[in-house]
Amino acid sequence: KKEDVKRSCQESLEKLGVDYLDLLLIHWPWSGNITDFPGRKLELEYVPLSETWAAMEELVETGLVRSIGLSNYNVQLILDLV
């Protein structure tokens, strides 16, 4: 979700002790949350790629991230974005 993108980026910046990330990737074409510890249940939810991508573009505009990209996406999913 859009609000999760910035929060996650800020958490990573704090853990790494840096002011910006050189590269932020969307690693898989799905989103979800791991819950129910210690059983680690994965709950998937649909979030449009365009929503996540727009949130990542905002991170570039604010200087928190230098570059953004995709990993493990097929051509059709990438074409849906553009």
Side-chain angles (χ1 to χ4, degrees):
K1 296 179 196 173
K2 182 177 180 177
E3 61 271 13
D4 294 333
V5 173
K6 186 171 185 179
R7 178 194 48 77
S8 178
C9 178
Q10 289 174 324
E11 286 176 7
S12 294
L13 292 171
E14 289 174 21
K15 289 177 184 177
L16 293 168
V18 296
D19 296 326
Y20 67 90
L21 298 174
D22 286 320
L23 176 63
L24 182 63
L25 292 175
I26 301 175
H27 190 70
W28 295 108
W30 53 266
S31 63
N33 294 308
I34 297 175
T35 59
D36 252 357
F37 287 93
R40 296 183 61 120
K41 178 181 175 186
L42 179 63
E43 294 178 348
L44 297 178
E45 67 178 296
Y46 174 74
V47 178
L49 174 59
S50 59
E51 179 182 325
T52 304
W53 190 259
M56 291 172 64
E57 288 179 322
E58 289 178 15
L59 296 176
V60 172
E61 292 169 5
T62 60
L64 295 176
V65 175
R66 297 251 170 113
S67 299
I68 56 177
L70 302 170
S71 178
N72 298 312
Y73 275 73
N74 64 35
V75 172
Q76 188 58 50
L77 289 171
I78 294 170
L79 289 174
D80 288 346
L81 179 61
V82 298

Beyond-backbone contact of L77 with L70, side-chain heavy atoms, under 4.5 angstrom: no

Least distance between heavy atoms, L25 atom then S71 atom: CD1-CB, 4.3 Å

State the OG-CZ distance between S12 and R7, to the nearest 0.5 angstrom. 9.5 Å

Side-chain heavy atoms under 4.5 angstrom apart, residues restricted to Ile, Leu, Val, Met, Phe, Trp, Tyr: same cluster for Y20 and V18? no

Verify same cluster id: L24, L16 (apolar side-chain graph, 4.5 Å): yes

With a sphere of 6.0 Å drawn around CG of N74, does it hold more than 12 non-hydrogen atoms of other residues, nucleotides or ligands? yes

Supply the atom-to-atom distance I68 CD1 to I26 CD1, rounded to the nearest 0.5 angstrom. 7.5 Å

Side-chain atoms of residues 53-64: list all donor-acceptor pairs with protein atoms under 3.5 Å, sequence neighbours left out, distances to 0.1 Å.
from, atom 1, to, atom 2, distance (Å)
W53, NE1, E57, OE2, 3.2
E58, OE2, K2, NZ, 3.1
T62, OG1, E58, O, 3.2
T62, OG1, L59, O, 3.1

Quick check: closest heavy atoms across C9 and L21, and the distance to 0.1 Å? SG-CD1, 4.1 Å

Going by side chain to side chain donor-acceptor pair (under 3.5 Å), name the residues that satisfy it together with E14, two or more places apart in sequence or in a different chain. none

Connecting only ILVMFWY residues whose side-chain heavy atoms lie within less than 4.5 Å of each other, what is the rest of L79's hydrophobic cluster? V75, V82

